[in-house]
Protein chains: 2
Amino acid sequence: MNGADKPSRISHKELFVRKMTRDILSGKLNPGDRLPSERELAAELGIGKTVVHSGYEKLSNMGLVDIKPKSGVFVADYMKTGNIEILNAIVQLSGNELSREVTTGILDLRLAVEGMAFRELCLRRSEEDIAYLKRITGEIRNTADRAGEDELAERFFQWHREICILSGKSILTLFMNTAHDVSIAFWVNYLRMYGITFAIDRLERFIELIEARDGEGAYNLLAKGIDDYLARLENE
Amino acid sequence: MNGADKPSRISHKELFVRKMTRDILSGKLNPGDRLPSERELAAELGIGKTVVHSGYEKLSNMGLVDIKPKSGVFVADYMKTGNIEILNAIVQLSGNELSREVTTGILDLRLAVEGMAFRELCLRRSEEDIAYLKRITGEIRNTADRAGEDELAERFFQWHREICILSGKSILTLFMNTAHDVSIAFWVNYLRMYGITFAIDRLERFIELIEARDGEGAYNLLAKGIDDYLARLENE
DNA sequence: ATAACAGAACTGGTCTGACCAGATTTCATT
DNA sequence: AATGAAATCTGGTCAGACCAGTTCTGTTAT
């Protein structure tokens, strides 16, 4: 019993994927290692081969394992071949705790992606864009008290994603979504560190700069915020 | 020869996913539309319900559809909620042809990601790194004649990914892999446009700059290359 | 002793049909 | 008209059967 009482039952596949992810990411299994065959594993875990196959397929999509058809499944050199979904898996496993390396990496990318979005949006923003951003920012302020930590993090994520959407560069939006889970973990930490009021004030400062079409200003505010966050992380 | 000779038979699931992807991306189906139930579709297409389920699952992973459990499957507002895998799907559907918007978007991101990798690598590169880069570049040159278009594109992709790996910023590598398919499409076009010799010479120029620890130089060469490519694209 | 080669014993890949449980609709009862 | 139980939808899961390559193994011919 229990301990991890999940109201919604966890499927065999989900359990299997988590176990394998943990074993691989923790270093218990090393790149190149051969994994048990689908049949073996199915028998050992008392589940169907189809389930194991589906699980291996998912791990393969993340880049954690390398499936050689009709031959075997091997642990992949995932830091070479994996994709960003691995980050999301890492975050979920470690319960929203981010290592420093992951944090700085993600922030570097965020600066690149969102910085570009800010600059583009400042060039093309309409009055409607400004009104819309003000409206959703107001909504965040109004519901901040009764919103949970995760929900608030989600709202901040959506606010920044909106910048990408409004910028018209749809690639940036797709990228933001790809890094969703890891972003949420970041925002939870951020909001704990700086507090809600400070964070919302910052959103409004961004809106002012966009309204003034000050792309460089918005970029610099973003860059400065990231630097500051990393500096505080160092001093912890 | 050839064109589309696929030796490996295409599975029902693959066919189904492609059809749905095409219908959604082409605008034949619109965000919010309810899709047929798994059973309906299975009967209509003469395949098993599990196959349809698995297909819907894949589409959901890409962010193309929104699965409401026990309720129905709906076309998602994918430009808002989709992730980068959608790009890969777009590329595959259009037979490696890239729209201008996708191309510029991807190149913007590449500049951000690889530019950072070049700068970092110039700071920390060892003699071994240089020797390794020279070796794999030599291999590309030696095999360029007998390699197919796609294989060569893959090798160029791997070369640039190697920059990310050697830079030590593993997040950048993960990002590169996430955009793999779309990058291959880019490199195929690039190699057609500039020719193999020019492209390989350029790799060697990069190595010289890394050896000289000239991070700015490498960044500028990358930026200039991208600008030039986009300019030529305009004039086509 | 060694090389070549059938065939047995693996491997992952695909698909069907059955069953589960939550969501939704229908329709008789109040 | 409002209520609520039951029928009928929905996606979610799973086991087992079959397919087709790959790899190992033991025999045979040199």
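Chain letters run A, B, ... following the sequence lines, proteins first, then strands; residues in each count from 1. None of these values were measured; they are calculated from a predicted model.
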C/dT24 OP1/OP2 closer than 4.0 Å to side-chain N/O of B/Ser71: yes
Rounded to whole Å, the CG-C1' distance (A/Leu35 to C/dG12) equals 13 Å
Between B/Trp187 and B/Tyr190, ring centroids under 6.0 Å: yes
Nearest-nucleotide pick for B/Pro69, side chain only, options being D/dG12, C/dG12, C/dA23: D/dG12
Separation of atom CG in B/Leu15 from atom P in C/dT14, rounded to whole Å: 12 Å
Check whether any side-chain nitrogen or oxygen of B/His12 sits under 4.0 Å from OP1 or OP2 of C/dC15, and answer yes or no. yes
Do B/Leu172 and B/Glu114 have side chains that approach each other closer than 4.5 Å (heavy atoms only, starting at C-beta)? no
Check the distance between D/dT13's P and B/Ile67's CD1 and give it to me in whole angstrom. 10 Å
For the pair made of CZ in A/Arg39 and P in D/dA17, what is the distance, rounded to whole Å? 12 Å
Heavy atoms from C-beta onward define the side chain here; which of C/dG12, C/dT14, D/dG12 lies closest to that of A/Val73? C/dG12
Would you call B/Arg155 and B/Thr143 a side-chain contact if the rule is heavy atoms closer than 4.5 Å? yes
One thing to verify: whether B/Arg192 and B/Glu149 come together as a salt bridge, which I'm taking to mean a side-chain N less than 4.0 angstrom from a carboxylate O. yes
Measure the distance from NZ on B/Lys70 to C1' on D/dG11 and round it to the nearest whole Å. 6 Å
Using whole Å, what does the distance between atom C1' of nucleotide C/dG13 and atom NZ of A/Lys68 come to? 17 Å
Less than 6.0 angstrom separating the ring centers of B/Tyr229 and B/Phe186, yes or no? yes
Under 4.0 Å: is that the gap between some side-chain N or O of A/Ser11 and OP1 or OP2 of D/dG12? no
Any idea how B/Phe16 and B/Tyr56 line up, ring-wise: parallel (<30°), tilted (30 to 60°), or perpendicular (>60°)? perpendicular
Grab the CG-C1' distance between A/Leu59 and C/dG12 for me, whole Å please. 15 Å
At what distance, to the nearest 0.5 angstrom, does CE of A/Met20 lie from CG of A/Leu25? 10.5 Å
Near DNA chain C, under 4.0 Å by heavy atom, which residues of residues 41-57 of chain B? B/Gly46, B/Ile47, B/Gly48, B/Thr50, B/Val51
Need one value for A/Glu40: base, sugar-phosphate or nothing, where a base atom within 4.0 Å counts as base even if backbone is also close, heavy atoms only. sugar-phosphate
In whole angstroms, how far is the P atom of C/dC15 from the CD atom of B/Glu38? 15 Å
